[in-house]
Amino acid sequence: MLNILWPIFIIISFIYAILTGNVQNVNNSIFESTSEAVKLSITLLGTMCLWTGIMKIAQKTSFVSKLTILLRPIIDFLFPEMKKNKVVKEQISMNIIANILGLGNAATPLGLKAMKSMQEENQEKDTVSNSMAMFIVLNTASLQLIPTTVIAIRASLNSTNPTSIIIPVWGATIAAAISGIIVTKLCIKFNK
């Protein structure tokens, strides 16, 4: 659908620019936005490489096992079906840690790996398990303590204080996570 909508919007924009005599402004904005897009991509790439590397190092050391132990009570409460599966719990922990650090793009492959492992445990292959539903909700709420991607974007756009959004992000993501967990637990309870 988007492959139809975007070309229509672009064509309408060019026609409007021609009719209003703003072709030069459209031309200038194309080149300026291209330059900004490249700068933003480089900034995000650097941030992603740094944090993905740190996550990979953490995965190879005992740090992840220690964090998994620290997160065990929360994971056991949220994913009771996975209490005995240490591998899935470690994958869920890595995903949660990546999300907490604000690494949505780094969390995605970790989340996919965890979801694949949960699907292997799922008895009904054509239905999402309760743990899978909870995992989807947690990833959507994406509790973040350090919203690194947003901070990197704000820094690349010359924000005077790119980290000023941290406290509002904490409030929004904590509220979203708590609401999502409560609603999902209630749906699971009443769906039995």
Side-chain angles (χ1 to χ4, degrees), residues 1-2 5-6 9 29 32-59 63-64 66-79 82 89-115 118 128 130-189:
M1 183 69 175
L2 285 177
L5 287 177
W6 281 113
F9 289 149
S29 67
E32 287 173 15
S33 61
T34 305
S35 170
E36 291 296 321
V38 169
K39 279 198 262 182
L40 178 62
S41 297
I42 290 171
T43 302
L44 290 177
L45 181 66
T47 305
M48 289 281 305
C49 287
L50 170 71
W51 286 104
T52 304
I54 289 172
M55 291 300 289
K56 200 66 171 169
I57 291 168
Q59 200 172 13
F63 184 68
V64 173
K66 290 177 183 174
L67 282 174
T68 303
I69 291 168
L70 185 68
L71 291 173
R72 183 179 293 152
I74 296 167
I75 291 173
D76 287 346
F77 170 72
L78 296 176
F79 307 98
M82 299 296 143
K89 285 169 46 171
E90 189 171 295
Q91 291 170 343
I92 291 170
S93 294
M94 285 295 291
N95 178 267
I96 290 172
I97 293 163
N99 276 325
I100 286 174
L101 294 175
L103 306 172
N105 293 333
T108 300
L110 297 168
L112 291 172
K113 194 182 286 187
M115 193 62 89
M118 283 190 268
V128 173
N130 292 339
S131 291
M132 292 168 83
M134 180 62 76
F135 190 66
I136 291 168
V137 167
L138 276 181
N139 272 287
T140 305
S142 184
L143 178 66
Q144 292 186 10
L145 294 180
I146 307 169
T148 52
T149 304
V150 177
I151 291 171
I153 291 170
R154 289 174 51 91
S156 74
L157 296 173
N158 301 322
S159 171
T160 55
N161 189 359
T163 58
S164 66
I165 55 145
I166 289 179
I167 292 178
V169 166
W170 289 351
T173 59
I174 289 169
I178 290 171
S179 302
I181 290 168
I182 290 170
V183 169
T184 306
K185 283 290 190 184
L186 288 172
C187 287
I188 290 170
K189 182 179 181 180

Can you name the side chain to side chain contact (heavy atoms under 4.5 Å, CB included) partners of Ile166, sequence neighbours left out?
Pro147, Ile151, Thr163, Trp170
Going by the rule side chain to side chain contact (heavy atoms under 4.5 Å, CB included), which residues pair with Ser164 if we only count those two or more places apart in sequence or in a different chain?
Arg154, Asn161
Please find the pair of heavy atoms, one from Phe135 and one from Gly111, that lie closest to each other, and give the distance.
CE2-O, 3.4 Å
All pairs passing salt bridge (Lys or Arg N to Asp or Glu O under 4.0 Å) where residues 34-49 contributes a residue, at least two apart
Glu36-Lys39
Check this for me: Ile167, atom CD1, are more than 12 non-hydrogen atoms of other residues, nucleotides or ligands nearer than 6.0 Å?
no
Check against side-chain contact (heavy atoms from CB on, under 4.5 Å), Leu78 and Leu138
CA-CA 10 Å; Leu78 296 176; Leu138 276 181; 3.6 Å; yes
Grab the two heavy atoms, one from Gln144 and one from Asn99, that are nearest each other, plus how far apart they are.
CG-O, 3.1 Å
Could you pull out all residues at least two apart from Leu112 that satisfy side chain to side chain contact (heavy atoms under 4.5 Å, CB included)?
Thr108
Within-4.5 Å side-chain heavy-atom neighbours: Lys89 and Phe79
no
Here the gap from Met82 atom CE to Glu90 atom CD, rounded to the nearest 0.5 Å, amounts to 15.0 Å
Separation between CG of Asn139 and CD1 of Ile92, rounded to the nearest 0.5 Å:
9.5 Å
Nearest 0.5 Å please: distance from the CE atom of Met115 over to the CG atom of Leu110.
13.0 Å
Non-neighbouring partners of Ser93 that pass side chain to side chain contact (heavy atoms under 4.5 Å, CB included), sequence neighbours left out
Thr68, Leu71, Ile75
Do Val169 and Val150 have side chains that approach each other closer than 4.5 Å (heavy atoms only, starting at C-beta)?
no
Between the CG atom in Leu143 and the CD1 atom in Ile96, the distance rounded to the nearest 0.5 Å is 9.0 Å
Please table the atom pairs, donor to acceptor, closer than 3.5 Å between any side-chain atom in residues 176-187 and protein atoms at least two apart or in another chain.
from	atom 1	to	atom 2	distance (Å)
Ser179	OG	Ala175	O	2.8
Thr184	OG1	Gly180	O	2.7
Lys185	NZ	Phe77	O	2.6

